[in-house]
S.K.: 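The structure is given below, and queries will be raised subsequently.
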Number of protein chains: 2
Amino acid sequence: MSNSRSIAEELRVLFETLTPTERKVGRVLLANYPVAGLETIAQLALRADVSGPTVLRLISKLGFDSYTAFQTALRDELEIRLQSPLVRHDPAQLQGDSDFLVSYAARITQLMQETVAHLPRVEFDGVVDLLGERKNRIWLLGGRLTDPLAAYLCHHLKVVRADVVHLRGVPSSWADSLVDMGKHDVLVIFDIRRYWDGALHIAEMAAQRKVSVLLFTDQWLSPVSRVARFTLAAHTAGPSGWDTNTPLMLLVDAVIAALNTRQWAAISDRLQEVEAMRARLGEGSHRADE
Amino acid sequence: MSNSRSIAEELRVLFETLTPTERKVGRVLLANYPVAGLETIAQLALRADVSGPTVLRLISKLGFDSYTAFQTALRDELEIRLQSPLVRHDPAQLQGDSDFLVSYAARITQLMQETVAHLPRVEFDGVVDLLGERKNRIWLLGGRLTDPLAAYLCHHLKVVRADVVHLRGVPSSWADSLVDMGKHDVLVIFDIRRYWDGALHIAEMAAQRKVSVLLFTDQWLSPVSRVARFTLAAHTAGPSGWDTNTPLMLLVDAVIAALNTRQWAAISDRLQEVEAMRARLGEGSHRADE
DNA sequence: AGCACAATCTAATTTTTATTACATTTTTAT
DNA sequence: ATAAAAATGTAATAAAAATTAGATTGTGCT
């Protein structure tokens, strides 16, 4: 399978060279693509009213040396197709810059919907609970591209509560913070594709100390998810398109909004204090937008 | 399986009753739905970093009395879904008003659409042109909450081109940079409500020196827009409720994507170089997600 | 601290599935 | 019409998968 043709295409090309019974299988496969190919040989053979070995011979002619290999290829194809139907169906959309913005927004909207649709609600609620709990200390940590998101979340959390720290600089300097952590600490990690070993190490060490690890990641799930207490996964890209972190930001924003909504009574006092102080301090000399 | 809920929905409902390890499986399943479930138990278990029996227990909790039955159900579902590609995720999912996340996402989606609808194409194209022009030097500058966005844009621009600087620290230190600026400089400013006087001052000085000022702001337009050459305004809030910067991020992402698409030929070489260098440098010790 | 219970894994077992070898049938050419 | 070749199926076998039973680990509670 060196070429990039899809299996269905390959099958269509090969079709005329097939024997009559093999064609039966081919037809069933194409008519119910790719689901039929994900069944067992026996099931597929039954559907095509053909024997097992015939199916196997067809598969072999397609260039696979085992039925398992064939199924794996089918699944891989399917995975790509399901992940971004929009990009898949008309890639031309993103080319014409006349309406680039519109189509781009449409795509991101779709990614956002997928993100929301796939996210278990307990995960979301769990994150909000942990971040809202005053007894906990919060530590944030991001990767190269996601550190801005960590910073963004940090700013918002600081408005709402105390004990929030954004870990910056070199990983070695975090050891100091790490040794003090315990079960009342929450480590928020942002880790998206091109996963970063450092994040995993830190998460593992933290988890060992009963620290609650919260992970913001993409749909392919950073390895950190194995030790994370809660994982929020955003759909960030299709295969051929450009990555976007907007859906991830949606999650961050939603968490912030949920925190605010849920704990409005508790935080409103604090908000006013912060406001007052900021007014007295800042006045022009420092950055102050909201 | 008498009811008509999809397996994914069923899983989401059940999620909170699951044990921690079972949830791992659930997450993998949902994140890669439904392909992950079409693999063998062993493969799925491996993906979720869990043992086979755990997978099986989850499946049993879902109401299936064999893994095979589960897979058959998945395939049936998939077959139906693939037949009507337009009915993507069951719309019922998006209607559940009780779900905070869903309604929040719906609202942001609307804000994003408004943003796109109101944004003049020339503005967008102008920004992309200016940022893509190699002769220009780019300077970025954000406010308290928007600085992460500036940082994010900065990272992406640096991948694509040279002469990109994110201005940090205290405003007074920027004077050095400012005196050198001229008509081949581009100053990108992020300024949203609670507009910041400092930003206006800097923008005015820059504009006087023929610097092109690009402004990312909210729908009420920062005063900087008066001196800005191009302004991209995002709708960041509804009448009641909490602000969100997600639509602003959409704009940033769209600009990046447009730049990449438009100049693919020109930048692909550069990309490879950057990749090679990063590979030689980073290797574990530094932050490295993408 | 220690007991009870839940969660999870390991490893053995059973069942299913893919694969192979070979027999039978069908087709084709003379 | 018949022999040779191709196509296809049957049945045995090997491989892999699912399933189960029991051991082990971890957790909460008194």
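Naming convention: chains lettered A, B, ... in sequence-line order (proteins, then strands); numbering from 1 in each chain.
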S.K.: With a 4.0 Å cut-off, would you call B:Glu16 and B:Arg23 a salt bridge?
M.R.: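 A salt bridge is absent here (no side-chain N lies under 4.0 Å from a carboxylate O).
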S.K.: Is B:Thr40 touching bases, backbone alone, or none of the nucleic acid, heavy atoms closer than 4.0 Å?
M.R.: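 The residue B:Thr40 makes sugar-phosphate contact but no base contact.
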S.K.: Kindly say if A:Thr54 contacts the phosphate of D:dA7, meaning a side-chain N or O under 4.0 Å from OP1 or OP2.
M.R.: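 For A:Thr54, the contact criterion (side-chain N or O under 4.0 Å from OP1 or OP2 of D:dA7) is not met.
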S.K.: Applying a 3.5 Å limit to both distances, which nucleotide forms a Watson-Crick or G-U wobble pair with C:dC9?
M.R.: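 The base-pairing partner of C:dC9, which may sit in any strand shown, is D:dG22.
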S.K.: In this structure, how many angstroms lie between the P atom of D:dT8 and the CG atom of A:Leu58, rounded?
M.R.: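 Rounded to the whole Å, the gap is 11 Å.
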S.K.: How many whole angstroms separate atom CG of B:Leu38 from atom C1' of D:dA17?
M.R.: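 Distance, rounded to whole Å: 15 Å.
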S.K.: Can you tell me which nucleotide in D:dT8, D:dG9, C:dT10 comes closest to the side chain of B:Ser51?
M.R.: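 That would be C:dT10.
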S.K.: Let me spell it out: for each of A:Gln43 and A:Arg57, pick the nucleotide of DNA chain C with the closest heavy atom. Which residue's pick is nearer the 5' end?
M.R.: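 Result: A:Gln43.
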S.K.: Among C:dA7, D:dG9, C:dA18, which is the nearest nucleotide to the side chain of A:Val50?
M.R.: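 Selected nucleotide (nearest to the side chain): D:dG9.
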S.K.: Take atom NZ of A:Lys24 and atom P of D:dA7, then tell me their distance rounded to the nearest Å.
M.R.: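 Whole-Å distance recorded here is 15 Å.
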S.K.: Could you please name the partner base of C:dA29, counting Watson-Crick and G-U wobble pairs only when both distances are under 3.5 Å?
M.R.: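 Base-paired to D:dT2.
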S.K.: Does the plane of the ring in A:Tyr152 sit parallel, tilted or perpendicular to the ring in A:His156? Use 30° and 60° as the thresholds.
M.R.: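 Ring orientation, 0 to 90° scale: perpendicular.
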S.K.: Return yes if a side-chain donor-acceptor contact under 3.5 Å exists between B:Gln43 and B:Thr40, otherwise no.
M.R.: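 Result is yes, a qualifying pair exists.
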S.K.: What is the distance from CG of B:Leu56 to P of D:dA17, rounded to the nearest Å?
M.R.: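 It works out to 15 Å between those atoms.
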S.K.: How many whole angstroms separate atom CG of B:Asp65 from atom C1' of C:dT15?
M.R.: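 It works out to 15 Å between those atoms.
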S.K.: Pick the closest DNA chain C nucleotide for A:Pro53 and for B:Lys61 by heavy atoms, then say which residue is nearer the 5' end.
M.R.: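 The residue closer to the strand's 5' end, by nearest nucleotide, is B:Lys61.
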S.K.: Nearest-Å distance, CZ (A:Arg23) to P (D:dT8)?
M.R.: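 Those two atoms, CZ and P, are 10 Å apart.
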S.K.: Starting from P on C:dT19, measure out to CG on A:Leu44 and report it in whole angstrom.
M.R.: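 Those two atoms, CG and P, are 13 Å apart.
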S.K.: A:Glu22 has an atom CD; how far is it from atom P of D:dA7, in whole Å?
M.R.: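 Atom CD in A:Glu22 sits about 8 Å away from atom P in D:dA7.
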S.K.: Please verify the inter-ring angle class for B:Phe70 with B:Phe64; under 30° counts as parallel, over 60° as perpendicular, anything in between as tilted.
M.R.: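 Perpendicular: the ring planes of B:Phe70 and B:Phe64 meet at over 60°.
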S.K.: Just compare C:dT19, D:dT19, C:dT10 and give me whichever is closest to any side-chain atom of A:Ser66.
M.R.: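 The nucleotide sitting nearest to the side chain is C:dT19.
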S.K.: Find out whether A:Asp125 and A:Val122 are in side-chain contact, i.e. whether some heavy atom of one side chain is under 4.5 Å from a heavy atom of the other.
M.R.: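 No. Closest side-chain heavy atoms not under 4.5 Å.
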